[in-house]
Amino acid sequence: MLDKFGIAKRIAKELQDGYYVNLGIGIPTLVANYVPQGIEVILQSENGLLGIGPFPFEEDVDADLINAGKQTVTTTNGSSFFDSAMSFGMIRSGRVDLTVLGAMEVADNGDIANWKIPGKMVKGMGGAMDLVASAKNIIVAMQHVNKAGESKLLSNCSLPITGLGCVKKVVTELGVFDVIPEGFKCIEYAPGVSIDYIKEKTIGRLVIADDVKEMSID
Amino acid sequence: MLKKVVNNAEEAIKDITDGATIMLGGFGLCGIPENSIAALVNKGVKNLTCISNNAGVDDFGIGLMLKTRQVKKMIASYVGENAEFERQLLSGELEVELIPQGTLATRCMAAGYGIPAIYTPAGVGTEVAEGKETREFDGKTYLMEHAFKSDFAIVKAWKGDTHGNLIFRATSRNFNPLMAMAGKITIVEVEELVQPGELDPDMIHTPGIYVNRIFKGVNYEKRIEQVTVTKRG
């Protein structure tokens, strides 16, 4: 079974040279730490920065320079700043190659819910609805089950939807799942996780790939 | 003679009255009009409709106006950092309209560009789409979203001149130039106020025609929500 760093490491393997990538808050942000050697990706922060650099040294902290998670960051050579309309312009017009975000629920048709639990938690969708409505490739990084031990990979989302039929791949602590017309296709399982366990923890339609293999993250 | 310069935030906001709709620039606490928010709290205007990406934190930014119950309705995209906000929302004391961030930005832009509405794919098939007109273009469904109408837009810029030309800095730009274009009356606070000619025209983000009032802000706290650093060595 993977921890959150393992999930991030596995997703980093999906990065390709020259990609423009938007990483959501939480596990997705960690993906930036595992960009494979020898490839260059440009990170987009929807608050208006293309080319997110590492966290600053203490003396370089700048209140005017943050990422979408409100963390202090830096620029890199080749960075640019822009306003929020242009930021979502580049997202909606399909310039961002890959979006990685967290979710509360994903359905086996690719629907995603991640912005609201009625009567309990309201944080808002932020940029998630714009991203999922437009991105070419969307990977969800999340825990396979919720705190109550219930599957988050469902037949239908029970929570308010963020976007319809948009998720292409889900990476959890148990495995890697492509979203295909037949449902969640398990293409890799995490070290120490059995296919039976994945079946037990997945409510949505599940297909096991003929060539399913153990995930390699290093 | 252009007379846009006012002495301070109190003077800039003096005609904002109860029930007004105001836009406030900023993303999180980055690039928020601190001086103007403080002046609004002091003035005690009530029943405001606020359009802003976030709602501040419990003790800073728009959070200060929530604490004093000055906000009747909040239009925002993400409010996760404010416990008082969440409490007022869940208890029904505060009216809230949550909209996608790109939609928020583009509705501001449309207002500033004189375009009554835009079509966006964001929110199709979700609660956001309820009651809204949809239209298909090239086989994909889009929502019609109206340009914002607001009485005042209050923004923070880095530098401005007395004609109202503005330059923003780093990610504190965010919604500020969009909202600056979108208010019936646009109020700007700047860190540095200079004379016309001192700013390079090629570097201007917001041309002064959009700005009605400008003043030099004081005592910026520029609070950071999450200080994240790289350790040396």
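Proteins get letters first, then strands, A, B, ... in listed order; numbering begins at 1 in each.
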Only pairs of heavy atoms separated by less than 4.5 Å count here; which of B/Val128, B/Val229, B/Asn82, B/Thr228 has the most with chain A? B/Thr228

Count the heavy atoms of every other residue, nucleotide or ligand shown that sit under 6.0 Å from OH of B/Tyr119, and state whether that count exceeds 12. yes

Contacting moiety of B/Glu225, where chain A heavy atoms sit under 4.5 Å: both

Can you confirm whether A/Met86 is buried at CE, in the sense that more than 12 heavy atoms of other residues, nucleotides or ligands lie under 6.0 Å from that atom? no

If you count heavy-atom pairs under 4.5 Å between each of A/Ala133, A/Gly127, A/Gly126, A/Gly163 and chain B, which one has the most? A/Gly126

Side chain to side chain, B/Cys30 and A/Asn47, heavy atoms closer than 4.5 Å: no

Distance, nearest 0.5 Å, that separates CG of B/Leu90 from NZ of A/Lys120: 11.5 Å

Looking at B/Tyr220, I want to see if its OH is surrounded by more than 12 non-hydrogen atoms of other residues, nucleotides or ligands under 6.0 Å. yes

Could you check whether any side-chain N or O of B/Thr230 sits under 3.5 Å from a backbone N or O of A/Phe55, counting only pairs where one atom can act as donor and the other as acceptor? yes

Is the NZ atom of B/Lys132 crowded by more than 12 outside heavy atoms at less than 6.0 Å? yes

Drop me the distance from B/Asn174's CG to A/Asp83's CG, to the nearest 0.5 angstrom. 9.0 Å

Above 12 or not: heavy atoms from other molecules or residues under 6.0 Å from CG of B/Asn219? no

Once rounded to the nearest 0.5 Å, what's the spacing between atom OG of B/Ser77 and atom CZ of A/Phe88? 7.0 Å

Please test A/Gln71 against B/Val227 for side-chain contact (heavy atoms from CB on, under 4.5 Å), starting from the C-alpha separation and ending with a verdict. CA-CA 6 Å; A/Gln71 298 172 313; B/Val227 179; over 6 Å; no

Select one option (side chain, backbone, both, neither) describing which atoms of B/Ile99 are under 4.5 Å from chain A's heavy atoms. backbone

Determine whether A/Ser84 and B/Asn53 satisfy the following criterion, side-chain contact (heavy atoms from CB on, under 4.5 Å), listing intermediate values before the conclusion. CA-CA 10 Å; A/Ser84 302; B/Asn53 189 53; over 6 Å; no

Which atoms of A/Ser80 approach chain B - backbone, side chain, both or neither, heavy atom under 4.5 Å: neither

If one checks every heavy atom of B/Lys140 against chain A at 4.5 Å, the contacting part turns out to be side chain

When rounded to the nearest 0.5 angstrom, what distance separates OG1 in B/Thr120 from CG in A/Asp130? 6.0 Å

Which atom of B/Thr103 lies closest to which atom of A/Arg92, heavy atoms considered: N-NH1, 4.4 Å

Interface moiety of A/Asn67 toward chain B, non-hydrogen atoms closer than 4.5 Å: backbone

Is B/Asn54 in contact with chain A via its backbone, its side chain, both, or neither, using a 4.5 Å heavy-atom distance? side chain

For A/Val122, is it the side chain, the backbone, both or neither that has a heavy atom under 4.5 Å from a heavy atom of chain B? both

Taking atom CG of A/Leu131 and atom CD of B/Gln101, what is their separation to the nearest 0.5 Å? 8.5 Å

Should the pair A/Lys116-B/Glu127 be classified as a salt bridge under the 4.0 Å nitrogen-to-oxygen rule? yes

Under a 4.0 Å threshold between the charged nitrogen and the carboxylate oxygen, would A/Glu59 count as salt-bridged to B/Arg232? yes

Any side-chain heavy atom of B/Lys231 within less than 4.5 Å of one from A/Phe57? no

Where do B/Leu98 and A/Met125 come nearest, in terms of heavy atoms and distance? O-CE, 3.5 Å

At a heavy-atom separation under 4.5 Å, does A/Phe81 approach chain B through its side chain, its backbone, both, or neither? both

Evaluate whether atom CD1 of B/Ile209 has more than 12 neighbouring non-hydrogen atoms of other residues, nucleotides or ligands under 6.0 angstrom away. no

If you count heavy-atom pairs under 4.5 Å with chain A, which of B/Pro100, B/Ala105, B/Pro121, B/Ala122 comes out on top? B/Pro100

A/Lys185 atom NZ, over 12 foreign heavy atoms within 6.0 Å: no

Could you report the tightest heavy-atom contact between B/Tyr78 and A/Gly124, atom names first, then the distance? CD1-O, 3.6 Å

Closest heavy-atom pair, A/Ala63 versus B/Lys222, reported as atoms and distance to 0.1 Å, is CB-O, 3.4 Å

Heavy-atom distances under 4.5 Å only: say whether B/Val96 touches chain A with side chain, backbone, both or neither. neither

Name the region of A/Ala68, side chain, backbone, both or neither, that has any atom closer than 4.5 Å to a heavy atom of chain B. both

Between B/Thr171 (side chain only) and A/Ile66 (backbone N and O only), is there a donor and an acceptor less than 3.5 Å apart? yes

Please indicate whether A/Glu40 has more than 12 foreign heavy atoms, meaning atoms of other residues, nucleotides or ligands, lying under 6.0 Å from its CD. no

Is it the side chain or the backbone of B/Arg173 that comes within 4.5 Å of chain A heavy atoms, both, or neither? side chain

Roughly how far apart are A/Ile112 CD1 and B/Thr126 OG1, rounded to 0.5 Å? 12.5 Å

Among B/Gly123, B/Gly28, B/Ala170, B/Cys108, single out the residue with the greatest number of heavy-atom pairs under 4.5 Å to chain A. B/Ala170

Here the pair of heavy atoms bringing B/Met109 nearest to A/Ala85 is SD-CB, 3.8 Å

